[in-house]
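Computed from a prediction, not measured in an experiment: that's the story for all the values here. Heads up: numbering here begins at 1 and tracks the sequence.
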Amino acid sequence: MQPLTWPDCSNVRDLGGGPIQPGRLIRSDNLDQLSAAGLAAVEAAQISRFVDLRSFWEAETFRSPLTDDPRVRVMPLWDPADPDVSEAGLFEQYRIMVDDYAERVASAVVAIAEAPAGCVVVSCHAGKDRTGVIVALILDLVGLPREVVAADYEASGDPADIMVRLLDHVHTQYGGTAAYLLKSGATTEQLDGLIGRLTG
């Protein structure tokens with residue numbers, strides 16, 4: 001995983017490493033922070049799709065220079081109308097996201113899988129929680145060791161064991177990430193396509 005400089009974003013990494021090829025998947029914090037130099041760096045990365053995990057309200061209120069770009073897909077994992085879980089611990093917030101909003105999670109993963117050829121950016125507000133869950137599931141699906149997945153999550157500022165616990169939950173409760181995503185609306189072809197675009 002290689003940190004990238006996209007001024008004035010502060011949590012951007014290319015997830016290439018191991019079986020994942022560089023320039024296939026990038027995680028980021030809120031792209032509304034992009035300066036002119038940052039936008040130029042983004043355009044140089046040949047992005048085919050931006051998957052924005054924020055709510056529609058956030059995406060409209062905190063608009064980025066790319067808000068109206070046809071490559072952007074807003075795929076909210078939380079909605080302002082959802083029950084407030086902000087007082088819960090991070091693991092519990094993530095568990096609720098995975099268990100109660102599984103179709104949203106799967107839809108976000110499918111949006112990455114079905115993007116046109118090129119690199120995909122997945123982002124949220126801080127690039128840590130919503131993005132962290134989606135990225136961890138994808139890295140686990142590809143087959144990266146648990147410690148590598150956890151280390152990528154930890155690089156955004158939270159203890160690795162939180163994500164280890166979440167992946168343990170997914171494997172115990174659903175039989176693994178692939179089984180979870182299939183149960184939640186993704187197809188085998190979509191998941192195979194995602195693995196292929198990241199590793200091929």
Side-chain angles (χ1 to χ4, degrees), residues 1-17 20 22-80 82 85-86 88-91 93-94 96-98 101 104-105 107-109 111-112 115 118-140 144 148-160 162-163 166-167 198:
M1 287 72 174
Q2 178 66 39
L4 300 177
T5 302
W6 286 4
D8 289 321
C9 294
S10 59
N11 189 19
V12 186
R13 292 191 296 284
D14 186 318
L15 294 167
I20 298 180
R24 305 294 174 84
L25 185 62
I26 292 171
R27 61 181 295 166
S28 177
D29 50 335
N30 195 346
L31 298 176
D32 77 340
Q33 303 169 100
L34 286 170
S35 65
L39 188 58
V42 170
E43 294 302 343
Q46 299 182 320
I47 308 302
S48 67
R49 176 164 291 173
F50 298 88
V51 177
D52 185 347
L53 302 174
R54 299 176 299 161
S55 69
F56 289 110
W57 178 87
E58 287 176 281
E60 186 58 34
T61 303
F62 304 101
R63 293 170 63 88
S64 86
L66 298 158
T67 294
D68 298 320
D69 191 301
R71 294 172 294 175
V72 173
R73 298 286 186 276
V74 180
M75 310 290 298
L77 295 187
W78 296 120
D79 184 276
D82 295 336
V85 298
S86 60
L90 281 179
F91 167 74
Q93 291 183 39
Y94 297 171
I96 291 169
M97 184 190 303
V98 163
Y101 306 110
R104 298 179 191 174
V105 172
S107 293
V109 172
I112 297 169
C119 185
V120 177
V121 174
V122 58
S123 65
C124 57
H125 179 71
K128 178 176 70 72
D129 299 315
R130 289 167 285 190
T131 298
V133 169
I134 295 299
V135 166
L137 291 173
I138 290 172
L139 298 183
D140 189 61
L144 267 66
V148 174
V149 179
D152 173 68
Y153 171 76
E154 189 174 39
S156 292
D158 279 315
I162 296 173
M163 193 53 67
L166 182 70
L167 292 176
L198 295 178

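Residues forming a side chain to side chain contact (heavy atoms under 4.5 Å, CB included) with Arg24 (at least two apart in sequence, or on another chain): Gln21, Leu198. With sequence neighbours left out, the side chain to side chain contact (heavy atoms under 4.5 Å, CB included) criterion links Pro22 to Asp14. By the side-chain hydrogen bond (donor to acceptor under 3.5 Å, both in side chains) test, Ser55 pairs with Glu58, sequence neighbours left out. Every residue meeting the side-chain hydrogen bond (donor to acceptor under 3.5 Å, both in side chains) condition with Asp29, not counting sequence neighbours, appears here in chain and number order: Ser10, Gln33. Remark: Gln2 engages no residue in a side-chain hydrogen bond (donor to acceptor under 3.5 Å, both in side chains) (not counting sequence neighbours).
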Can you give the donor-acceptor pairs under 3.5 Å from side chains of residues 40-53 to other protein atoms, not counting sequence neighbours?
unit_1	atom_1	unit_2	atom_2	d
Glu43	OE1	Arg71	NH2	3.3
Glu43	OE2	Arg71	NH2	3.0
Ser48	OG	Pro116	O	2.8
Ser48	OG	Cys119	O	3.4
Arg49	NH1	Ala111	O	2.9
Asp52	OD1	Arg54	N	3.0
Asp52	OD1	Arg54	NE	3.0
Asp52	OD2	Arg54	NE	3.1
Asp52	OD2	Arg54	NH2	2.8

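When each of Val133, Asp140, Leu139 is checked for a side chain to side chain contact (heavy atoms under 4.5 Å, CB included) with Leu167, only Asp140 meets the rule.
Closest heavy-atom contact between Ser156 and Arg13: OG-NH2, 3.1 Å. In terms of heavy atoms, Leu90 sits closest to Lys128 at CD1-NZ, 4.1 Å. Of all the heavy atoms in Ala126 and Asn11, the pair that sits closest is O-ND2, 3.1 Å. Annotation for Ser28 and Cys9: closest pair OG-SG, 4.2 Å, computed over non-hydrogen atoms. Residue Leu15 comes nearest to Ile20 through the heavy atom pair O-CG2, 3.7 Å, listed as atom of the first residue, atom of the second, then distance. Summarising the geometry of Ile162 relative to Tyr153, their closest heavy-atom pair is CG2-OH, 3.9 Å, with the distance given to 0.1 Å.
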Query raised in the report: Can you check side chain to side chain contact (heavy atoms under 4.5 Å, CB included) on Trp78 and Val85, steps first, answer last?
Result: CA-CA 10 Å; Trp78 296 120; Val85 298; 3.8 Å; yes

**Report entry** Trace of the side chain to side chain contact (heavy atoms under 4.5 Å, CB included) decision for Arg130 with His125
**Finding:** CA-CA 8 Å; Arg130 289 167 285 190; His125 179 71; 3.6 Å; yes

Requested in this report: Using the side chain to side chain contact (heavy atoms under 4.5 Å, CB included) rule, take Ile26 and Val12 through it: C-alpha gap first, then chi angles, then the decisive distance, then the call.
Outcome: CA-CA 7 Å; Ile26 292 171; Val12 186; 3.7 Å; yes

**Report entry** Residue pair Leu66, Leu39: steps toward the side chain to side chain contact (heavy atoms under 4.5 Å, CB included) verdict
**Finding:** CA-CA 9 Å; Leu66 298 158; Leu39 188 58; 3.9 Å; yes

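Leu31 has its side chain within reach of Trp6: a pair of non-hydrogen atoms, C-beta onward, lies under 4.5 Å apart.
Remark: Leu144 CG to Asp152 CG distance equals 9.0 Å, nearest 0.5 Å. The distance from atom CG of Leu137 to atom CG of Leu166, rounded to the nearest 0.5 Å, is 6.5 Å. Here CZ of Phe56 is found 8.5 Å from CG of Asp79. Values are rounded to the nearest 0.5 Å. To the nearest 0.5 Å, the span separating CG on Asp129 from OH on Tyr94 amounts to 3.5 Å.
Of the possible polar contacts, none joining the Thr131 side chain to the Arg27 backbone as a donor-acceptor pair under 3.5 Å is found.
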